[in-house]
Amino acid sequence: MSTHPTGAARLAARFAACKAQNEAAFVAYIMGGDPDVKTAQKLLDGLPGAGVDVIELGLPFTDPMADGPAIQAAALRALKAGVRTKNVLAMAAKFRKKDQQTPLIVMGYYNPIHHMGCDAFTKACIEAGVDGAIIVDLPPEEDAPLRAAFDEAGLALIRLATPTTDDQRLPTVVAGTSGFVYYVSVAGITGALVPEADPVARAVTRIRAASGLPVAVGFGVRTSEKAAQIARVADGVVVGSAIVDAMAQKGVEEALNLTQRLSGAVHHARSESTS
Amino acid sequence: MSTQTQQDIWPDARGRFGEFGGRFVAETLMPLILELESAWDEARNDPEFAAQMDAYMRDYVGRPSALYHAERLSEEFGGAKIWLKRDELNHTGSHKINNCLGQVLLAKRMGKTRIIAETGAGQHGVATATLAARFGLPCVVFMGATDIERQQPNVFRMKLLGAEVVPVTSGTGTLKDAMNEALRDWVTHVDETFYVIGTVAGPHPYPHMVRTFQSVIGREARAQILEREGRLPDACVACIGGGSNAMGLFHAFVPDKNVRLIGVEAAGKGIETGQHAASLKGGAPGVLHGNRTYLLQDEDGQIIDAHSISAGLDYPGIGPEHAHLHDIGRAEYVSATDKEALEMFQLCTKLEGIIPALEPAHALARVADLAAELGKDGLIIMNMCGRGDKDVFAVAGHLGVKI
């Protein structure tokens, strides 16, 4: 029914559109089902209107080893409310019925997917209109089963590059990846340290050259000012913990207001820096 | 230290024990894991490293540990002859120091300047803090807030040894959460930090490395029983949380097909109650803390909290090599409840004058059945992997005694 591209192609189309306007893409992370499915759905559905180009929808997991306190707490809130992987995918499906243009990827840990089975998870993603996934604890050495299923389905399995990814390792990280590359701007957990623009710029250039893909930068970007700095040097800026915190402390409306401010800062960063 | 033996057919180059093991870590840690693997490969083939290990094992740890004929327990159980491998006599009171020594020496060799560790019962934390003190390295130990509560003496020991003990309140405040927090610390301090993992789990090369350092237990026991009895035992028995003391005992006996290898998991309040720590009996394959193994998990793959009276067994997973030995049928896995462990704790103390840790007290419960099953001609080696001094307060509490 839809003439819109899906999967990795929907991601590529959005990054291309942003590039055509000389803007960085604004990527927002929220935790699926936090604090409950109904409230989280309201936030999710409001993201495109708040200027979000790409949505990362978190899959809650009991043991989020790469996450800082904000996202750990969000996952526990969702789990406590009884939210499971299938409920988050149902949120995505509901979103997709209303919006066929905004790319949506899920982000989480491998065990729930392993438990469901890579093929079943891939099928569930397609049915829900999910375009790709970032699986934090699934490095290239271990991702063959999921990658095979995703490739066949045209979904993007997005890899992470980090400050510890040296020139020797980078080719392994970018081989066979699609959609975009997520650059983890600091060695640490989500939302803890603040990245510096200069080393990030160098890393983005290096990863873009090695992958031929857009590079989105995340971990530790919390303010409009920092988001704008990163937007000048990267193809996309990811904000997670700050939005998750706003949601937890002030609710949907304030979280969307913050998102609007952040997306504005990202989208206007380059025109402001040259004017 | 002989590190290359005939039975080292696993792990493979990808760190797999059959279907289990591997390297499931965040990308930030991958280069560190690969660096560790190459440093480990180099060290284990270096005779100088082996000589250094041997010297400290002898003079600092106090190895070899004795193999002791537990006559009164044998008599009580009315069957097979029971030999206890006395790893509770090691410096710091458990088998944990065998592994910590190896890893801290490796950390020094790699030029790392900061040590971190997770701990459950506190035995691994104490052993790590001890070696960190000995080699002058700052040490941070992550420990669940719940465990800190029930293992106060070990917390104080670690502090005396100069370690910083960080209470972990995330999740349920037990061993798995301490491990999450240690991983979060490692990912934040990548350059200078060496993460000393306490059991045969975690991403490759940890399961291989820890097994290698602990395999001294089985090598000694095998030679000792041959000397004393002129034959191999019918069975080797050990308790299992993550499984390092069991793997240490089993490894040398894996090729001896007639020696039964029996691991005893913690059944907590009973496997049927759901409140237990028996990953093999009550879990399913999954991925956590860097490796694929059996895990306690729900229908969505969310990790379920383990329960055991023993903080050292209170972990929802098990080392990947045990998962493999289980699946190929080379080792048998059974379980013992909190109640059985408490009974054996008292029995062993009364009959042998040995206060066992609550962890090996679990193993004793199944040794009792096995001794009867094997009869008078049977021979059993059980790893007495830790002493019970640390548990005296907790046991008093369970028995309703105020100290």
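Each chain gets a letter, A, B and so on, in the order its sequence line appears, and its residues count up from 1.
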| Among B:Asp305, B:Asp298, B:Leu183, B:Ile303, which has the most heavy-atom pairs under 4.5 Å with chain A? |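 Looking at each of B:Asp305, B:Asp298, B:Leu183, B:Ile303 in turn, B:Ile303 comes out on top.
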| request: Under 4.5 Å, counting heavy-atom pairs only, tell me which of B:Glu181, B:His289, B:Lys176 racks up the most with chain A. | output: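 Top option by heavy-atom pairs under 4.5 Å: B:Lys176.
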Closest approach of [X] and [Y], non-hydrogen atoms and distance?
{"X": "A:Phe61", "Y": "B:Gly301", "result": "CE1-O, 3.4 Å"}
{"X": "B:Val25", "Y": "A:Pro139", "result": "O-CD, 3.5 Å"}
{"X": "B:Ser170", "Y": "A:Gln72", "result": "CB-OE1, 3.5 Å"}

| field | CD1 on A:Ile135 to CZ on B:Phe24, rounded to 0.5 Å | value |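 Between B:Phe24 CZ and A:Ile135 CD1, I get 12.0 Å after rounding to 0.5 Å.
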| Rounded to the nearest 0.5 Å, how far apart are CG of B:Asn180 and CD1 of A:Ile189? |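 It comes to 11.0 Å.
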[X], [atom1]: over 12 other non-hydrogen atoms inside 6.0 angstrom:
{"X": "B:Glu149", "atom1": "CD", "value": "no"}
{"X": "B:Lys112", "atom1": "NZ", "value": "yes"}
{"X": "A:Gln168", "atom1": "CD", "value": "no"}

| said: Strictly distance-based, threshold 3.5 Å: is any side-chain N or O of B:Arg184 a donor or acceptor partner for the main-chain N or O of A:Pro64? | reply: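 Side chain of B:Arg184 to backbone of A:Pro64: a pair is present.
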| Can you check whether B:Gln302's main-chain N or O pairs, donor with acceptor, with A:Thr62's side chain at less than 3.5 Å? |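 Not at all, since once roles are kept as given, no pair shorter than 3.5 Å links the two residues.
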So do the side chains of [X] and [Y] get within less than 4.5 Å of each other, counting heavy atoms only?
{"X": "A:Arg169", "Y": "B:Leu34", "value": "yes"}
{"X": "A:Met65", "Y": "B:Met179", "value": "no"}
{"X": "B:Gln297", "Y": "A:Asn111", "value": "yes"}

Pick one of side chain, backbone, both or neither for [X], based on which atoms fall under 4.5 Å of a heavy atom in chain B.
{"X": "A:Leu193", "value": "side chain"}
{"X": "A:Leu79", "value": "side chain"}
{"X": "A:Leu76", "value": "side chain"}

| said: Exactly one of A:Val184, A:Thr165, A:Asp137 should register a side-chain contact (heavy atoms from CB on, under 4.5 Å) with B:Glu27. Which one does? | reply: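 Going through A:Val184, A:Thr165, A:Asp137 one by one, the side-chain contact (heavy atoms from CB on, under 4.5 Å) with B:Glu27 is satisfied by A:Thr165 alone.
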| Interface moiety of B:Ile304 toward chain A, non-hydrogen atoms closer than 4.5 Å |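 Neither part.
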| Ion pair B:Glu299/A:Lys86, N-O distance below 4.0 Å |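 Salt bridge absent between B:Glu299 and A:Lys86.
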| request: For the pair B:Arg14 and A:Glu142, find out whether any cationic side-chain nitrogen is under 4.0 Å from an anionic carboxylate oxygen. | output: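 Salt bridge flag = yes for A:Glu142 with B:Arg14.
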| said: Just so I understand: if I count every heavy-atom pair under 4.5 Å between each of A:Thr164, A:Asp67, A:Asp166 and chain B, which residue has the most? | reply: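 The answer is A:Thr164.
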